[in-house]
Novice: 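Shown below is the structure under consideration.
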Amino acid sequence: MFHVKQKSKNKYDVIVVGAGHAGLEAAIVSARLGMKTALITLDRKKIALMSCNPAIGGLAKGQLVKEIDALGGVMGRITDEAGIHFKMLNISKGPAVQSPRAQADRRGYAVVAGRYAENTINLSVIEDMAVGVTVNHNRVSGVQLKDGTTVLCDAAIITAGTFLNGIIYIGMKKLGAGRAGDLPAHGMTESLESLGFRSARLKTGTPPRIHKESIDYSKTEVQYPDERPVPFSYATKAITQKQINCYIVHTNEQTHDILRLGFDRSPLFLGTIKGVGPRYCPSIEDKINRFADKPRHQLFLEPEGYDNEEIYVNGFSTSLPIDIQERSIHSIPGLEQAKIIRLGYAVEYDFFPPSQIKHTLETKGIENLYFAGQINGTSGYEEAAAQGLMAGINAALKIQNNPPFVLRRSDAYIGVLIDDLINKTHDEPYRMFTSRAEFRLTLRQDNADLRLMEMGHQLGLIEKHIYETYLKKKDEIAEIEHSILRKTIEPTVFAERFSVKSSELRQAQKVATLLRRPELKLRELIPLVSTKTFAEAAINEVEFNTKYEGYLKRQQEQIEKFKKLEDKKIPDSLDYSKIKAMSVESREKLSRIRPESLGQASRISGVSPADLSVLVIYLEKNKIMDVSRET
């Protein structure tokens with residue numbers, strides 16, 4: 001059991017700077033773990049306000065949200081309450097790459113998020129600007145506010161989003177802002193740099209918003225929500241609110257010609273913007289420049305809420321001048337009379353290369369100081385929220401003198417995310433993809449509870465009724481595996497039900513054997529051998545494990561090999577400069593990142609397999625580690 005530290009009345013245990021998606025998760029989980037927590041934000045009405053697309057989830061991102069929820073986070077719960085268009089993506093493909101996504105009511109999401117913050121015991125919301133941190137004996141001691149006062153703390157989590165020295169660009173015009181309508185944050189970058197941290201610049205962007213009544217919907221393609229929306233949270237029994245449609249339109253050659261007319265006034269092409277934008281979510285001008293052979297690009301018209309007149313033009317992110325934005329939008333069929341409510345813009349901001357953090361998200365330079373979200377070079381609400389949750393958990397555990405909480409790559413997409421951030425070179429915002437997870441067969445969105453909820457329960461973050469539902473699901477899975485799958489079905493019984501759908505049986509066969517036939521579903525076979533009813537989630541889990549048994553076995557063998565390398569710890573004091581047989585680049589990377597294990601060392605960008613072999617030989621020769629038998 002984890003013990004709870006007695007809280008001081010004179011200061012906060014944990015201060016979270018920034019109330020975006022990372023900050024909200026960090027603050028709530030810290031408070032729920034017994035910490036007296038402060039959440040510093042410029043505007044308490046804009047907690048977790050969606051700066052860009054009002055949508056949660058998507059390919060791989062949906063997995064992150066399910067994992068956040070299984071550990072006790074709130075993003076999934078808020079989405080279930082504020083979602084207006086739920087869609088399970090990739091349903092025509094295997095379960096390993098299926099991902100939930102939901103369009104949300106932008107204003108409604110912020111209202112629900114604010115309610116969660118206000119109603120959390122031990123959490124105080126402070127409206128102010130944080131301009132720096134104070135340090136005592138290389139350990140964070142407080143957060144400085146704009147008026148010069150310092151709020152004392154035992155740990156601080158910086159989740160500043162795009163606000164650190166943020167600059168917005170629209171054509172040749174620029175202004176200081178973290179997002180449209182909000183001031184940038186000055187001082188924090190300079191404070192952290194004075195403590196020895198390295199910073200750099202990144203860029204992201206957002207498209208124009210158009211009035212929903214100015215669209216000719218007869219020229220669009222309707223995108224319907226799922227008839228049976230699947231909730232993100234294990235606490236949600238069903239999605240009951242009204243669901244609304246989204247729409248698809250396309251650019252054309254005329255659109256592209258108009259956009260090209262603005263290239264000579266583009267801050268992106270003129271080099272005004274120094275930061276690199278996300279490769280997999282490029283601006284529309286970057287798209288037509290990089291993919292000049294494509295005659296059109298797909299755009300999604302996504303409502304920003306039930307009572308919101310704004311439509312988000314997903315896929316049309318731009319920082320081109322006003323006249324170009326207007327003309328190009330009006331060249332798109334269906335948008336000829338579109339009224340632009342808000343222009344698209346690019347925002348450039350400071351971030352801190354994440355080789356400067358540990359797997360707990362604590363910084364290597366200053367004890368009890370944590371970075372989470374876009375400050376670590378990520379892109380997306382989900383990536384930010386996952387980091388915020390982990391930083392909040394670890395800050396609380398550190399103060400309580402409890403062991404850290406770290407997820408491996410084989411445990412969760414969250415583990416992949418943090419491991420990638422620390423070990424890889426980042427010259428653009430990091431975005432999660434299923435392809436980044438080498439163990440994605442076992443890291444599915446539909447089994448996040450089976451993988452992580454026991455951990456969340458041990459931390460004390462899972463309510464009793466949710467945990468009991470989880471235990472019931474596990475019991476049903478066990479019963480299906482140990483009883484139902486072993487029952488046999490006679491040829492005559494099988495023929496009555498599946499004579500058309502599947503080839504006949506010559507002799508009685510077990511349910512497990514029949515289930516390996518691609519055309520058969522477990523929910524169809526169970527009634528032939530049992531009158532008992534099982535939850536759909538339990539049935540689906542057993543069916544996947546049975547049909548993909550061979551693949552899962554091979555992946556489990558890979559996971560075991562991976563864990564052996566992760567268990568081979570490297571002393572933090574190791575002097576890599578003494579390993580002369582290793583390349584200069586590898587020595588420099590290993591010295592800077594200081595991997596905790598051989599497994600982590602093998603994933604660092606620039607460390608070649610040959611240099612890893614040199615490291616293994618050096619460790620064994622100097623009796624630092626016995627690695628020969630298991631690697």
Novice: Can a salt bridge be assigned to the pair Arg201 and Glu348 using a cut-off of 4.0 Å between side-chain N and carboxylate O?
Specialist: yes

Novice: Is the shortest side-chain heavy-atom distance between Asn394 and Pro404 below 4.5 Å?
Specialist: yes

Novice: With sequence neighbours excluded, what pairs up with Asn90 under the side chain to side chain donor-acceptor pair (under 3.5 Å) test?
Specialist: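 Partners of Asn90 by the side chain to side chain donor-acceptor pair (under 3.5 Å) criterion come out as none, since no residue qualifies.
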
Novice: Does Glu383 come within less than 4.0 Å of Arg436, counting only side-chain N to carboxylate O?
Specialist: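 Salt bridge absent between Glu383 and Arg436.
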
Novice: With distance as the sole test, does Asn376 use its side chain to make a donor-acceptor pair with the main-chain N or O of Leu421 at under 3.5 Å?
Specialist: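 Not confirmed, Asn376 side chain does not pair with Leu421 backbone.
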
Novice: Go through the steps for Arg451 and Asp411 under the test salt bridge (Lys or Arg N to Asp or Glu O under 4.0 Å), then give the verdict.
Specialist: CA-CA 7 Å; Arg451 292 185 282 114; Asp411 294 325; over 6 Å; no

Novice: Does this structure show an ion pair linking Arg290 with Glu285, if we count only N-O contacts that are shorter than 4.0 Å?
Specialist: no

Novice: Within a strict 4.5 Å, meaning less than it, do heavy atoms of the Gln600 and Ile593 side chains meet?
Specialist: yes

Novice: Less than 4.0 Å between a side-chain N and a carboxylate O, is that true for Glu304 and Arg209?
Specialist: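 Salt bridge between Arg209 and Glu304, a charged N being under 4.0 Å from a carboxylate O: yes.
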
Novice: Less than 4.0 angstrom from a charged side-chain N to a carboxylate O is my criterion; do Arg444 and Glu541 meet it?
Specialist: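 Yes, this pair counts.
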
Novice: In terms of the angle between their ring planes, are Tyr467 and His457 parallel, tilted or perpendicular, with boundaries placed at 30° and 60°?
Specialist: parallel

Novice: Around Glu536, counting heavy atoms of other residues, nucleotides and ligands shown, do more than 12 lie under 6.0 Å from its CD?
Specialist: no

Novice: Salt bridge or not for Asp446 and Lys66, using N-O below 4.0 Å?
Specialist: no

Novice: If you draw a 6.0 Å radius around OH in Tyr217, do more than 12 non-hydrogen atoms from other residues or ligands fall strictly inside?
Specialist: yes

Novice: Report yes or no: do Ser233 and Asp80 form a side-chain donor-acceptor pair below 3.5 Å?
Specialist: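 Side-chain D/A pair, Ser233 to Asp80: absent.
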
Novice: Are Arg516 and Glu543 ion-paired here, with the side-chain N under 4.0 Å from a carboxylate O?
Specialist: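 A salt bridge is absent here (no side-chain N lies under 4.0 Å from a carboxylate O).
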
Novice: Does some side-chain heavy atom of Ile418 sit less than 4.5 Å from a side-chain heavy atom of Thr360?
Specialist: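 When only atoms from C-beta onward are counted, Ile418 and Thr360 do not touch, as no gap falls below 4.5 Å.
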
Novice: Check for me whether the distance between the ring centres of Phe300 and Tyr312 falls short of 6.0 Å.
Specialist: no

Novice: Does a donor on one side chain and an acceptor on the other come within less than 3.5 Å for Asp420 and Tyr430?
Specialist: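 Yes - a donor-acceptor pair under 3.5 Å links their side chains.
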
Novice: Using the test side chain to side chain donor-acceptor pair (under 3.5 Å), find all partners of Asp105 that sit at least two apart in sequence or belong to another chain.
Specialist: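 With neighbours one apart ignored, the set is empty.
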
Novice: Salt bridge check: are Arg342 and Glu310 linked by an N-O gap of less than 4.0 Å?
Specialist: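 Yes.
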
Novice: Residues in salt bridge (Lys or Arg N to Asp or Glu O under 4.0 Å) with Lys212, at least two apart?
Specialist: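 Applying salt bridge (Lys or Arg N to Asp or Glu O under 4.0 Å) to Lys212 gives none.
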
Novice: Given Val416 and Met432, is the side chain to side chain contact (heavy atoms under 4.5 Å, CB included) satisfied, shown in steps?
Specialist: CA-CA 9 Å; Val416 175; Met432 180 54 69; 4.2 Å; yes

Novice: Verify, without hydrogens or angle tests, whether Asn53 (side chain) and Asn314 (backbone) share a donor-acceptor contact under 3.5 angstrom.
Specialist: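 Not confirmed, Asn53 side chain does not pair with Asn314 backbone.
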
Novice: Of all heavy-atom pairs between Ala82 and Gly108, which one has the smallest distance, and what is that distance?
Specialist: CB-C, 4.1 Å

Novice: Between Arg32 (side chain) and Gly72 (backbone), is there a donor-acceptor pair under 3.5 Å?
Specialist: yes

Novice: What orientation do Tyr548 and Tyr551 show, parallel under 30°, tilted 30 to 60°, or perpendicular over 60°?
Specialist: tilted

Novice: Salt bridge check, Arg77 against Glu25: does any charged N sit closer than 4.0 Å to a carboxylate O?
Specialist: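 Answer for the salt bridge query: no.
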
Novice: Before giving the answer on salt bridge (Lys or Arg N to Asp or Glu O under 4.0 Å), spell out for Glu302 and Arg101 the whole-Å C-alpha distance, their side-chain angles and the decisive distance to 0.1 Å.
Specialist: CA-CA 13 Å; Glu302 299 175 330; Arg101 182 184 188 273; 3.2 Å; yes

Novice: With a sphere of 6.0 Å drawn around NZ of Lys358, does it hold more than 12 non-hydrogen atoms of other residues, nucleotides or ligands?
Specialist: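 Yes - once you tally the heavy atoms of other residues, nucleotides and ligands closer than 6.0 Å, there are more than 12.
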
Novice: Checking salt bridge (Lys or Arg N to Asp or Glu O under 4.0 Å) for the pair Arg179/Asp182: CA distance, chi angles, key distance, verdict?
Specialist: CA-CA 6 Å; Arg179 65 179 166 223; Asp182 290 298; 2.7 Å; yes

Novice: Run the numbers on Asp449 and Lys473 for side chain to side chain contact (heavy atoms under 4.5 Å, CB included), then give the verdict.
Specialist: CA-CA 10 Å; Asp449 55 339; Lys473 177 180 176 179; 3.0 Å; yes

